Participant: 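Below are the structure tokens for one structure; questions will follow.
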Amino acid sequence: MDYKVFEDRIELEETEDFCAKHIFECGQIFRYKKTENGYLIFSDNQKIIVEEKNGKVTIWGNPKFCQNFFDLKTDYSKIKAELIKNKELTMPIKFGYGIRILKRSPLETIISFIISANNNIPRIKNTIEKLCNEYGENKGDFFSFPTLKKLSLVDEKFWINAGAGYRAKYLIDTVKILALDSSVLTSNESTTEIKKKLLALSGVGPKVADCVLLFGYGRTDVFPTDTWVMKAIGENDKSKASFFATEKASQYGSLAGYAQQYLFFYERNKKA
DNA sequence: AGCCAGGGACTCC
DNA sequence: GGAGTCCATGGC
């Protein structure tokens, strides 16, 4: 995919490999808002604006950050061509053709997906927004995601008030663990090793760990298996989630994470 | 009103 | 290690 890098933006022609709606509404990120002709996104300490009009996509923001964030160097046409050989992915890929997996900070991903457990997206977004507004750095027209140091100042009452529910104590405990040893946040170890460390955090089970690995560490060899993906597979027994996570990761190999995103987006947004 | 939400911890065995 | 139960609370 060709793109031009400027000082304050990146430009590309409209392409099958980039669709803002698909990218932001496939459940991988919670700090975004729909605008008139695009999206307004916050990630880490950055603000990004994506505009799509007249056949052109403009990504406003720090170009170096955005190039990595949108994973612009990865060839999604190639990934889709490979995955679409699996019949069950034909419709999902046609439907969510413009999905890209965003590269995000491990800390923000960990906190976000602990909040996401057994929760609904509007409420998840609301809790994270309250957190940033209170503990993030004021960047003028938005707030950054809080640093680990700032997160250490958040008490249980705040989390409850922000709508975290019973996850409040998980969040408190996880921040404490990370404050003592934050090495996992910058780990470059194998997917299995990092997963083991993530599972030691509070409120992080197999599904949250897989989401964090995929979105926060760019590990595409995992297949996060939530209720929507279970529906996509046609399985009702929730106790089998971890079985399918392993099964599908093995089936799709290093492309498992991409396959999961197409399935998730299709299942959530297709018309019955 | 009642089930569901991008599940996990805890407790049994 | 597998099965059951409980967990807060807004969305629909």
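Below, chains carry the letters A, B, ... as their sequence lines are ordered, and counting in each starts from 1. All values reported here derive from a predicted model rather than from experimental measurement. Values below: all heavy atoms of this structure, side chains included; hydrogens, waters and symmetry mates excluded.
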Participant: For DNA chain C, which nucleotides open and close the run of contacts to chain A, 5' to 3', at under 4.0 angstrom from a non-hydrogen atom?
Facilitator: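 It runs dC7(C) to dG11(C).
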
Participant: Look at all strands and tell whether Glu267(A) reaches a base, only sugar-phosphate, or nothing, counting heavy atoms closer than 4.0 Å.
Facilitator: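 Answer is nothing: Glu267(A) stays at 4.0 Å or more from every strand.
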
Participant: Filter on ring pair (Phe, Tyr, Trp, His ring centres under 6.0 Å), then keep only pairs touching residues 115-134 of chain A, sequence neighbours left out; what's left?
Facilitator: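 Matches after skipping sequence neighbours: none remain.
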
Participant: Just checking Phe215(A): base, sugar-phosphate only, or nothing, at a heavy-atom cut-off of under 4.0 Å?
Facilitator: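 Contact class for Phe215(A): base.
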
Participant: Counting any heavy atom closer than 4.0 Å, what does Ile121(A) reach on the DNA or RNA strands: base, sugar-phosphate only, or nothing?
Facilitator: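 Sugar-phosphate contact only.
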
Participant: Take atom NZ of Lys197(A) as the centre, draw a 6.0 Å sphere, and report whether it contains more than 12 heavy atoms from other residues, nucleotides or ligands.
Facilitator: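 Enclosed: over 12 neighbouring heavy atoms sit under 6.0 Å from NZ of Lys197(A).
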
Participant: Quick one: side chain to side chain donor-acceptor pair (under 3.5 Å) partners of Asp181(A), sequence neighbours excluded?
Facilitator: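 Asp181(A): side chain to side chain donor-acceptor pair (under 3.5 Å) contacts with Ser183(A).
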
Participant: For dA5(B) versus dA3(C), give the span between their C1' atoms, rounded off to a whole number of Å.
Facilitator: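 Each nucleotide's C1' atom is 22 Å from the other's.
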
Participant: Taking only the P atom of each, what is the distance from dG10(C) to dA9(B) in whole angstrom?
Facilitator: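 Pairwise P distance, dG10(C) against dA9(B), rounds to 23 Å.
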
Participant: Starting at the 5' end of nucleotides 7-13 of chain B, put B wherever the base has a protein heavy atom under 4.0 Å, S where only the sugar-phosphate does, and a dash everywhere else.
Facilitator: BSS----

Participant: Is it true that Ile121(A) and Leu40(A) fall in one hydrophobic cluster, defined by side-chain heavy atoms closer than 4.5 Å?
Facilitator: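 Looking at the clustering, Leu40(A) is in a separate group from Ile121(A).
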
Participant: Parallel under 30°, tilted from 30 to 60°, perpendicular over 60°: which one fits the rings of Phe95(A) and Tyr266(A)?
Facilitator: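 Perpendicular: the ring planes of Phe95(A) and Tyr266(A) meet at over 60°.
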
Participant: Once you apply a heavy-atom cut-off of 4.0 Å, does Arg167(A) come out as touching a base, just sugar-phosphate, or nothing?
Facilitator: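 The answer is base, as Arg167(A) lies within the cut-off (heavy atoms under 4.0 Å) of a base atom.
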
Participant: Go through Gln67(A) and Lys64(A) one step at a time and tell me if the side-chain hydrogen bond (donor to acceptor under 3.5 Å, both in side chains) criterion holds.
Facilitator: CA-CA 5 Å; Gln67(A) 200 169 52; Lys64(A) 191 176 176 186; over 6 Å; no

Participant: Just call it for Lys125(A): base, sugar-phosphate, or nothing, with non-hydrogen atoms closer than 4.0 Å on any strand.
Facilitator: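 Counting heavy atoms under 4.0 Å across all strands, no contact is made by Lys125(A).
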
Participant: Return each pair, listed once, that meets salt bridge (Lys or Arg N to Asp or Glu O under 4.0 Å) where at least one residue sits in residues 97-107 of chain A; pairs must be two or more places apart or across chains.
Facilitator: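 Found Arg104(A)-Glu108(A).
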
Participant: Supply the members, apart from Ile10(A), of the Ile/Leu/Val/Met/Phe/Trp/Tyr cluster built from side-chain contacts under 4.5 Å; use none for a lone residue.
Facilitator: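 Its cluster partners, ordered by chain and number, are Met1(A), Tyr3(A), Val5(A), Leu12(A), Phe18(A), Ile23(A), Phe24(A), Ile29(A), Tyr32(A), Tyr39(A), Ile41(A), Ile48(A), Val50(A), Val57(A), Ile59(A), Phe65(A), Phe69(A), Phe70(A), Leu72(A), Leu102(A).
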
Participant: Using modelled atom types only, decide if a donor and an acceptor are shared between the side chain of Thr127(A) and the backbone of Arg123(A) within a distance under 3.5 Å.
Facilitator: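 Yes, because the side chain of Thr127(A) sits within donor-acceptor range (under 3.5 Å) of the backbone of Arg123(A).
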
Participant: When the P atoms of dA8(C) and dT11(B) are considered, how many whole Å apart are they?
Facilitator: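 15 Å, rounded to whole Å.
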
